[in-house]
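Excluded from the calculations below are hydrogen atoms, water molecules and symmetry mates; all remaining heavy atoms, backbone and side chain alike, are included. First the proteins, then the strands, lettered A, B, ... as listed; each starts at 1.
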Amino acid sequence: MDIVNILRDKILNAVNEYAEKKNLKQSINTDIVVVERPKKQQQGDYSTNVAMVLAKALSSKPREIGELIRSRLREEEIVESVSLDGPGFLNITINLEFWNLLISEIMSNKNLYGKFDFGQGRKANLEFVSANPTGPLHLGHVRGAVFGDALSRLLEFVGYRVTKEYYVNDGGAQINVLVRTVYYRYLQKLGEDIDLPDGAYPGDYLLPLAENLIDKFGKKLKDIEEFERDKIIRELSVEYMMKVIKSDLKSLNIGMDNFFSEQKMINSNVIENSINNLKDKGLIYTGTIEAPKGKTYTNWQAREQLLFKSTEFGDDIDRPIKKSDGSWTYFAPDMAYHADKLKRGFDVVIDILGADHSGYVSRLEAVIKAFAEKKVEFEVKLVQLVKLIKNKKVLKMSKRAGDYVLIQDLLEEVSPDVIRFVMLSRNNDVPLDFDIDLMLSKSKDNPVFYVNYAHARIVSVLKRAAELKMWPITGEEDLQKRTTPFIENELALVKKLSEWPNVVKQSAKFHEPHRIAFYLNEVASSFHSLYQSSNAYGQYRFIVEGSPDLCTTRLALASCTQIVIKNGLYLLGIVPLDEMY
RNA sequence: GGCCCCGUAGCUCAGCUGGAUAGAGCAACUGACUUCUAAUCAGUAGGUCGUACGUUCGAAUCGUACCGGGGUCACCA
């Protein structure tokens, strides 16, 4: 029972009726017809712009169409009244009885309330984190990780078959740097007095690995021939770093379905194959590209390179796929990787990247267009920078300086749920200030506390009620017993809960989980308000001792609120608290 | 210089993809604890939606130009 759809169907039927009466043959675009909850209470429970947006197509005046639709809407059972206001808005007030039905609907649907089949079983691939296995995760990665995980949960909830994927960059030059750094750390651990070479990874996170090497090989590694030795270290280093990263992800409550190795592609002939595929399409050629204008390069050399004709698909310049030493650029295996995603039959492919990769987007879009054999929905979500703030000061984090806040250290101070909620409370393409002191505060400053507190209060109320042998109503039959109508604050909460399916829909449609975080705050606010006002008037409390009949629907309302909060937090990957401490 | 993102209350941000008198939280001020958890609530105050044109019944939202902030620009990943 989706009220928006009920109203919408009724409205569109009326529109068709009108069109037939006027003998209009051409089809009418009804996508622009919106049925929504208006901002102002005086504007009813729902309002629609239908009369205004379709006036032209129906070659008529807004108020004339409005009148017809109004009379049709009034036939609908759930509609209490309809008014035609302003420039032609139809403001619809819903029958009070309906809100009772909504409560019983939520009670019976429980964690399925708000679910709908938007994806229709289509396969979606979400690639996120994909951090180089050369160091631990930083806050930027965490934001991408949390975002990707939440979006995955959301898409899964609305009927997509989701694969969460991590692309492991274990093949490029940065791995050689890692190997070299690890070897030096190993030598240092053996007591040799040497500094790390230029460009090596600073920070002491590789020290445990060096110790592992000593445990395993003693001094023997030094005697092994360099090529062979690097191979050994490479394998162990990547394995070790991925273990660290995986455990970081796990402690954030994030699990991946698939880790896709770049090195494996390099070892096979997958990359050659996909490049050849493009060659056949005439999209690969040898040529030179010009230096970007406006930026001065001291050592620019025009150079013949193997290029991918990405300009064919809207990119600014064609992109090199081979370096001067003959090895692949980063882009080449990534092309093959994306070709592989398409080959695996995904209908939706979403890449979640840091904003510093924005220049990479049009290139990827070109790759998808070049390889796609069917219609594929491709989107790159860019996640903006995270600033870590403590004592009102920005903590600078640079990999080069080894100046790092480790995820594990952060987690000692802040729970993963807080991190998740804060990071998801913001649109992904706006920078985020992550203030540790605020996260630790136990007040409304800390948004997840506010939502959790509402949840804990509900749990507490229901528990107390159960002790007094009072229970929420469960279904329609019980509702018949209801004698007292909702008071204003209760109604406000019910209506807020009725918005949940639409919140899910919009969040999923636009790939914007932050809408859920905002909505949960509104639900919590509405609940706290009701709780507080009931407190002031004893007879409106959730529990009125000695009057169980008065309480059943109120308890059901509390229970429904709990259901929605729980569902919402679940989609954000957060477990609600039953009590506060 | 090109491309991408941002600019909304003192601060941090929403704004349902074109709707009605632009909304929250924080900070400020006023008030509410014999409680189903005051880690909360009620209220007051706070705005040329960066600027200017344009598109139309209607613009914070769309277009163009400009201003300001951030990111990025072959042989890194």
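Residue His514(A) is in sugar-phosphate contact alone, with no base atom involved, counting any heavy-atom pair closer than 4.0 Å across all strands shown. Looking at heavy-atom distances under 4.0 Å, Val34(A) makes no contact with the nucleic acid at all. Residue contacts for Phe542(A): at a heavy-atom cut-off of 4.0 Å it reaches a base atom on one of the strands shown. Contact annotation for Ala173(A): backbone-only contact, meaning every heavy-atom pair under 4.0 Å involves sugar-phosphate atoms and none involves a base. Within the nucleic acid shown, Glu290(A) has no heavy atom closer than 4.0 Å to any nucleic acid atom. Nucleic acid contact class of Tyr360(A) (heavy atoms, under 4.0 Å, all strands): base. Lys61(A) comes within 4.0 angstrom of no nucleic acid atom, judged by non-hydrogen atoms across all strands. Heavy atoms of Glu522(A) sit nowhere under 4.0 angstrom from any nucleic acid atom. Using a 4.0 Å heavy-atom distance criterion, Asn49(A) is classed as a base contact. At the heavy-atom level, Glu499(A) lies nowhere under 4.0 Å from the strands shown. Residue-level contact check: Glu262(A) touches neither bases nor backbone, having no heavy atom under 4.0 Å from any strand. Pro62(A) comes within 4.0 angstrom of no nucleic acid atom, judged by non-hydrogen atoms across all strands. Asn427(A) comes within 4.0 angstrom of sugar-phosphate atoms only, judged by non-hydrogen atoms across all strands, and of no base. Residue-level contact check: Arg457(A) touches the backbone only, with heavy atoms under 4.0 Å from sugar-phosphate atoms and none from bases.
For Ser362(A), no side-chain nitrogen or oxygen approaches OP1 or OP2 of C4(B) to under 4.0 Å. Phosphate proximity of C75(B) to Arg303(A): absent, as no side-chain N or O sits under 4.0 Å from OP1 or OP2. Phosphate contact (OP1/OP2 of C5(B), side-chain N/O of Lys381(A), threshold under 4.0 Å): absent. Remark: Lys56(A) is not in phosphate contact with U56(B), judged by side-chain N or O atoms under 4.0 Å from OP1 or OP2. At the phosphate of A20(B), OP1 or OP2 sits under 4.0 Å from a side-chain N or O atom of Lys39(A).
Classified by interplanar angle (parallel below 30°, tilted 30° to 60°, perpendicular above 60°), the ring pair His514(A)/Phe518(A) is perpendicular. A perpendicular orientation is assigned to the rings of His357(A) and Tyr360(A), their planes being inclined by more than 60° (bins at 30° and 60°).
Side chains of Met423(A) and Phe434(A) form a contact here, defined as non-hydrogen atoms less than 4.5 Å apart. Here the side chains of Asp315(A) and Phe308(A) are not in contact, with every heavy-atom distance at 4.5 Å or above.
Looking at Asp356(A), its side chain has no donor and acceptor atom pair within 3.5 Å of the base of A77(B). Side-chain to base pairing of Thr288(A) with A74(B): no donor and acceptor N or O lie closer than 3.5 Å to each other. Side-chain atoms of Arg426(A) stay outside donor-acceptor range of the base of C13(B), with no qualifying N/O pair under 3.5 Å.
For the C1' atom pair drawn from C57(B) and C66(B), the interatomic distance equals 29 Å after rounding to whole Å. Rounded to whole Å, the P atom of G23(B) lies 28 Å from the corresponding atom of C5(B). Taking atom P on both U56(B) and G43(B), the two are 42 Å apart, rounded to the nearest angstrom. When the C1' atom is used for both U30(B) and G68(B), the distance is 39 Å, rounded to whole Å. Nucleotides G63(B) and A22(B), compared at atom C1', are 22 Å apart to the nearest Å. If you take atom P in C11(B) and the same atom in C49(B), they sit 16 Å apart, rounded to whole Å. A distance of about 40 Å separates the P atoms of G71(B) and G58(B), rounded to the whole Å. Atom name C1', nucleotides A60(B) and C13(B): the rounded distance is 14 Å, in whole Å.
Between Leu388(A) atom CG and U12(B) atom C1' the separation is 16 Å, expressed in whole Å. Atom pair Gln532(A):CD and G43(B):P shows a separation of 12 Å (rounding to whole Å applied). Atom-to-atom, NZ of Lys387(A) to P of G69(B) comes out at 14 Å; the value is rounded to the nearest Å. We find that OH of Tyr166(A) is positioned 16 Å from P of A77(B), with the value rounded to whole Å. Between Tyr450(A) atom OH and C13(B) atom P there is a gap of 20 Å when expressed in whole angstrom units.
Across every strand in view, A9(B) sits unpaired, with no contact that passes the Watson-Crick or G-U test at under 3.5 angstrom. In this structure C3(B) sits in a base pair with G71(B), meeting the Watson-Crick or G-U test at under 3.5 Å. Nucleotide G18(B) forms a pair with no other nucleotide shown, judged by Watson-Crick or G-U wobble geometry with both contacts under 3.5 Å. Across all strands shown, U64(B) forms a Watson-Crick or G-U wobble pair with A52(B), both key distances being under 3.5 Å. Applying the Watson-Crick and G-U wobble criteria (two distances, each under 3.5 Å), G58(B) pairs with nothing in any strand. In this structure U34(B) sits in no base pair that meets the Watson-Crick or G-U test at under 3.5 Å. Pair assignment for A28(B) gives U44(B), based on Watson-Crick or G-U wobble hydrogen-bonding distances that are each under 3.5 Å.
In U61(B) the O4'-C1'-N dihedral to the base is more than 90° from 0, which defines an anti nucleotide.
Using a 4.0 Å cut-off between charged nitrogen and carboxylate oxygen, Glu467(A) and Arg464(A) count as a salt-bridge pair. Using a cut-off of 4.0 Å between Lys/Arg side-chain N and Asp/Glu carboxylate O, Lys381(A) and Asp351(A) are scored as not salt-bridged.
In this pair, Phe518(A) does not lay its aromatic ring on the base of A14(B); centres under 5.5 Å and planes under 30 degrees do not both hold.
Closest to the side chain of Met580(A), from the set A20(B), A39(B), C75(B), is A39(B). When distances run from any side-chain atom of Met52(A) to the nucleotides G19(B), C36(B), G2(B), the shortest one goes to G19(B).
Of all non-hydrogen atoms in Ile317(A) and Ser310(A), the two that sit nearest each other are O-OG, 2.9 Å.
By the 6.0 Å and 45° rule, Lys323(A) does not stack over the aromatic ring of Trp328(A). Within the cation-pi definition used here (under 6.0 Å to the ring centroid, within 45° of the axis), Arg363(A) qualifies as a partner of Phe331(A).
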